[in-house]
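Labels below follow one simple rule: chain letters A, B, ... track the order of the sequence lines, proteins then strands, and each chain is numbered from 1.
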Amino acid sequence: MNIFVARLNYDTQAGDLRYAFEEFGEVNSAKVITDHYTGQSKGYGFVEMPNDSEAREAIAELNDEYLDGRTIVVKKANPRNSRSSNTYSSTYSGSSY
DNA sequence: GGTGAGCGC
């Protein structure tokens, strides 16, 4: 499940996100959006977790929690814009409980 | 060098 994390501390790195989410479950990959020129994080990132159950728990627990001293927002991530506009995906992200 | 409401290459 793709997870969207916002309002991160500008000093927070992808490794910090992965470490925080690994506490709740297995983290497939974590990434923080940073500028390529300045290397400064934009304040939000994405975390991908293979287990949907653990992902929901991580979202519920880490949402509106303190990370690196800042309140962060954890929500489901929207499907990234594909190069070709295909019809709706066969599966809706996190719509099935 | 600092900010903040947001979806990545």
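- Under the side-chain contact (heavy atoms from CB on, under 4.5 Å) rule, A:Ile3 has a single partner from A:Leu17, A:Val27, A:Val47, which is A:Val47.
- Applying the salt bridge (charged side-chain N to carboxylate O under 4.0 Å, His left out) test to A:Glu22 and every residue at least two apart in sequence or in another chain returns A:Arg18.
- Every ring pair (Phe, Tyr, Trp, His ring centres under 6.0 Å) that A:Phe46 has, sequence neighbours left out, goes to A:Phe4.
- Here the C1' atom of nucleotide B:dG8 and the CG atom of A:Leu17 are 13 Å apart, to the nearest Å.
- Side-chain heavy atoms closer than 4.5 Å link hydrophobic residues (I, L, V, M, F, W, Y) into clusters, and following such links, even through other members, never connects A:Met1 to A:Tyr44.
- The stretch residues 20-36 of chain A comes close to DNA chain B through A:Lys31, A:Ile33, A:His36, each having a heavy atom under 4.0 Å from the strand.
- The side chain to side chain donor-acceptor pair (under 3.5 Å) test applied to A:Gln13 returns no partner, not counting sequence neighbours.
- Within a heavy-atom distance below 4.0 Å of DNA chain B, the residues of residues 5-13 of chain A found are A:Ala6, A:Arg7, A:Leu8, A:Tyr10.
- Atom CE in A:Met1 sits roughly 19 Å away from atom P in B:dC7 (whole-Å rounding).
- Along DNA chain B, the nucleotide nearest to A:Val47 and the one nearest to A:Val73 differ in position, and the one closer to the 5' end is contacted by A:Val73.
- Distance A:Glu48 CD to B:dC7 P: 19 Å, rounded to the nearest Å.
- Between the base of B:dG6 and the side chain of A:Lys75 there is a donor-acceptor pair shorter than 3.5 Å.
- Look at CD1 on A:Ile3: it is 13 Å from C1' on B:dC7, rounded to the nearest Å.
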Output a table of donor-acceptor pairs, distance under 3.5 Å, between side-chain atoms of residues 34-43 of chain A and any protein atom two or more places apart or on a different chain; print 'none' if there are none.
from	atom 1	to	atom 2	distance (Å)
A:Asp35	OD2	A:Tyr37	N	2.8
A:Asp35	OD2	A:Thr38	N	2.7
A:Asp35	OD2	A:Thr38	OG1	3.2
A:Thr38	OG1	A:Gln40	N	3.3
A:Ser41	OG	A:Tyr10	O	2.6

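- Both A:Phe46 and A:Gly43 lie close to DNA chain B; mapped to their nearest nucleotides by heavy-atom distance, the more 5′-ward contact belongs to A:Gly43.
- The glycosidic torsion of B:dG4 lies more than 90° away from 0, placing the base in the anti range.
- To the nearest angstrom, C1' of B:dC7 lies 10 Å from CG of A:Asn2.
- Grouped by direct or indirect side-chain proximity (heavy atoms under 4.5 Å, Ile/Leu/Val/Met/Phe/Trp/Tyr only), A:Val73 sits alone.
- Judged as a side chain to side chain donor-acceptor pair (under 3.5 Å), and not counting sequence neighbours, A:Ser53 has no contacts.
- For A:Asn9, the side chain to side chain donor-acceptor pair (under 3.5 Å) partners at least two apart in sequence or on another chain are A:Asp68.
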